[in-house]
Amino acid sequence: MSAALQMTAFGLALLSTLFLLLATCTDCWMVNADDSLEVSHKCRGLWRECVTNMQDGVRTCDQYDSILADHPVKIVVTRTLLITADLLAGLALATLLLGLDCIKFLKEDPRVKLKMCCGAGVILGLGSILGLVGSVWYAVDVYVERAMLVSHNIFLGVHYDFGWSCWLGMAGSTGCFVASVLLTCCLY
């Protein structure tokens, strides 16, 4: 039972970490959501903004000037939280891999391997919380920005909704949290 639980947690943690990494690297955190007939598809991410022409499929992207330049708070906070979550999830995966019963590392001391799995669960839980806070922070800021424009009857020609990168960040963080619960609570 313990080995199956460990492998389930490892598989879920691996998939969720990949989701977090993809969410951090991709550029569709906000997507235009107009009801009118659009000729282009606009996505804003943490690192750049891209526009895809719907007629010919040509995609052009504008990189943000610099990592150190003045950016909106939602971009800076989300970048910081997601990069930290990625690093913690990677560390937890490495620790978990060494703590699995099927790996021959420290095979003679099962208590140390169990502590490594539990420690990996704690690290994974911390990373999942940071990733979830970053993703939800960004989503809430997008919603508040849109609500402010609507409440003031301002229409700029385009408004944005949550993009698939935002949802991927939330899914990856939630998966890491579930794997953390499996490793810390259910393994004993």
Side-chain angles (χ1 to χ4, degrees), residues 1-31 41-50 52 57 59 61 63-64 67 71 74-106 113-142 160-187:
M1 178 68 176
S2 175
L5 189 61
Q6 285 179 352
M7 293 307 291
T8 302
F10 179 75
L12 183 60
L14 180 64
L15 182 66
S16 300
T17 301
L18 290 175
F19 281 3
L20 272 176
L21 285 169
L22 279 173
T24 305
C25 297
T26 54
D27 53 8
C28 203
W29 281 76
M30 290 171 46
V31 62
H41 184 292
K42 299 173 186 96
C43 281
R44 286 186 183 170
L46 302 177
W47 310 102
R48 60 189 177 169
E49 184 173 343
C50 295
T52 305
R59 184 176 187 207
C61 295
Q63 295 283 100
Y64 295 145
I67 293 175
H71 294 294
K74 72 179 171 192
I75 289 179
V76 175
V77 169
T78 305
R79 280 181 183 174
T80 304
L81 290 172
L82 261 77
I83 289 172
T84 306
D86 293 342
L87 292 173
L88 287 173
L91 176 65
L93 272 178
T95 306
L96 178 58
L97 185 62
L98 294 175
L100 292 175
D101 288 338
C102 60
I103 303 296
K104 294 186 182 197
F105 180 74
L106 293 174
K113 290 180 84 68
L114 187 62
K115 286 182 182 180
M116 288 177 77
C117 287
C118 186
V122 170
I123 295 169
L124 199 60
L126 181 61
S128 71
I129 290 170
L130 293 177
L132 197 58
V133 166
S135 300
V136 170
W137 168 284
Y138 196 93
V140 166
D141 199 63
V142 169
Y160 288 92
D161 276 338
F162 318 130
W164 60 271
S165 296
C166 187
W167 292 112
L168 200 59
M170 288 182 201
S173 299
T174 304
C176 284
F177 185 76
V178 171
S180 170
V181 168
L182 288 175
L183 289 170
T184 54
C185 299
C186 300
L187 199 57

Salt bridge (Lys or Arg N to Asp or Glu O under 4.0 Å) contacts touching residues 120-140 (sequence neighbours left out): none
Trp29 side chain to Ala139 backbone, donor-acceptor under 3.5 Å: no
Nearest 0.5 angstrom please: [X] [atom1] to [Y] [atom2], how far?
X      : Y      : atom1 : atom2 : result
Gln6   : Leu183 : CD    : CG    : 8.0 Å
Leu124 : Phe10  : CG    : CZ    : 11.0 Å
Leu96  : Cys118 : CG    : SG    : 11.0 Å
Leu88  : Leu93  : CG    : CG    : 11.5 Å
Met30  : Lys42  : CE    : NZ    : 11.5 Å

Would you say that [X] contacts [Y] through its side chain, given a criterion of any heavy-atom pair below 4.5 Å between the two side chains?
X      : Y      : value
Val122 : Ser180 : no
Ile75  : Trp47  : no
Leu132 : Phe177 : no

Inter- and intrachain pairs under side chain to side chain donor-acceptor pair (under 3.5 Å), touching residues 84-94, at least two apart: Thr24-Asp86
Selection residues 121-140 - residue pairs positive for side chain to side chain donor-acceptor pair (under 3.5 Å), sequence neighbours left out: none
At their closest point, which heavy atom of [X] faces which heavy atom of [Y], and how far apart are they?
X      : Y      : answer
Leu100 : Cys117 : N-SG, 4.2 Å
Val31  : Cys28  : CB-SG, 4.1 Å
Ala179 : Ala9   : CB-O, 3.7 Å

Residues in ring pair (Phe, Tyr, Trp, His ring centres under 6.0 Å) contact with Phe162, at least two apart in sequence or another chain: Trp167
Partner residues of Lys74 under the salt bridge (Lys or Arg N to Asp or Glu O under 4.0 Å) criterion, sequence neighbours left out: Asp141, Glu145
Residues two or more places apart in sequence or in another chain: which of them pass side chain to side chain contact (heavy atoms under 4.5 Å, CB included) with [X]?
X     : result
Leu87 : Ile83
Cys50 : Asp27, Arg48, Arg59, Cys61
Leu91 : Thr95, Ile123

By side chain to side chain donor-acceptor pair (under 3.5 Å) - contacts of Thr78 (at least two apart): none
With sequence neighbours excluded, residues passing side chain to side chain donor-acceptor pair (under 3.5 Å) with Thr26: Ser165
Atom pairs and distances, donor-acceptor, side-chain atoms in residues 11-20, under 3.5 Å, two or more places apart:
unit_1 : atom_1 : unit_2 : atom_2 : d
Ser16  : OG     : Leu12  : O      : 2.8
Ser16  : OG     : Cys176 : N      : 3.4
Thr17  : OG1    : Ala13  : O      : 2.7

Partner residues of Cys25 under the disulfide bond (SG atoms under 2.5 Å apart) criterion, sequence neighbours left out: none
